[in-house]
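A quick write-up on the structure given underneath.
Numbering of ligands and ligand atoms starts at 1, following listing order.
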Amino acid sequence: MERAIGIFDSGVGGLTVFAAIRRALPDESLIYLGDTARVPYGTKSSETVIKYSLQCAKFLVERKIKALVVACNTSSAYSLPILREKNNIPVIGVIEPGAKKALSATKSKRIGVIGTSATIGSNAYGCLLKEYDAGVSVVSQACPLFVPLVEEGWLNNEIAKNTAKIYLESFKHENIDTLILGCTHYPLLKPVIAEVVGSNVGLIDSAEAVAEELKMKLAEKRLLNKKSGPSAYQLYVTDLPNRFEKIASDFLGGKIPSVKRIEL
Ligand code: DGL
């Protein structure tokens with residue numbers, strides 16, 4: 001069997017990246033790990049996020065993956081350098097592709113970023129955006145309650161709407177024209193976020209940009225799957241699979257592979 005691509009996130013959020021990769025690279029087999037026993041990562045220290053990320057990567061690398069996608073902004077913000085240093089395969093994070101996509105979308109050069117407390121605290125987006133374009137203004141806001149809402153499957157109810165209103169209020173007078181969804185859970189709340197920020201603000205979901213970057217990297221390293229045949233998808237979680245299965249099947253649509261629980 002051809003080697004698979006490994007993808008991990010703290011929970012269900014990385015499925016937004018899984019779905020984009022499945023669309024962009026339909027001939028590739030994918031192994032997804034959601035660390036649901038320890039979600040959220042976004043409220044934890046950098047040391048803890050790095051430790052958990054190394055454990056997730058180890059599980060996937062032991063399955064002989066040919067590339068690793070860190071489908072979590074929090075983990076990308078803190079652990080990409082060490083994951084790259086320790087693993088001799090391409091390691092793709094979500095922050096660089098998202099930042100590039102935002103810069104190509106903005107006209108006013110006023111960009112908003114939302115993410116977990118850890119991602120916003122790291123200022124990973126702010127630094128990168130300024131490195132790419134010193135003339136850009138960046139306004140950031142942590143939205144820690146968005147992740148539990150998504151994990152609970154509350155994507156479009158009153159509580160989700162009111163939470164979004166409170167968090168996104170601060171952008172009202174900032175005149176941003178682009179908002180980076182700097183957490184892979186947030187695209188699942190896109191309709192609610194879009195309603196609150198209004199149609200003048202473009203929402204940047206880095207999932208597609210990540211899939212494109214992965215495709216380029218695999219082509220460059222001659223790692224693209226040559227045999228076209230049925231692709232295999234494996235889904236793993238670190239706690240009870242029931243809720244993950246429900247959100248995964250609503251979000252991915254159709255029949256999803258059975259979800260296996262593992263220990264890290
Ligand atoms: N989905 C993750 C992210 O992109 C993390 C959410 C969390 O575990 O706090 O940051």
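Near ligand 1, residues Asp9, Ser10, Val39, Pro40, Tyr41, Gly42, Cys72, Asn73, Thr74, Thr116, Val147, Cys183, Thr184, His185 come within 4.0 angstrom through at least one heavy atom.
Applying the ring pair (Phe, Tyr, Trp, His ring centres under 6.0 Å) definition to pairs two or more places apart or across chains, those involving residues 163-195 are Phe146-Tyr167, Phe146-Tyr186.
Side-chain atoms of Leu214 and Ile5, non-hydrogen and from C-beta on, do get closer than 4.5 Å to each other.
Contact check on Lys172 versus Glu169 returns a salt bridge, with a Lys/Arg side-chain nitrogen under 4.0 Å from an Asp/Glu carboxylate oxygen. Look at Arg110 and Glu174 and you find a salt bridge, because one of the NZ, NE, NH1 or NH2 atoms lies within 4.0 Å of a carboxylate O, short of that distance. Salt bridge absent: Lys226 and Glu2 never bring a charged side-chain N and a carboxylate O closer than 4.0 Å. Using a 4.0 Å cut-off between charged nitrogen and carboxylate oxygen, Arg22 and Glu28 do not count as a salt-bridge pair.
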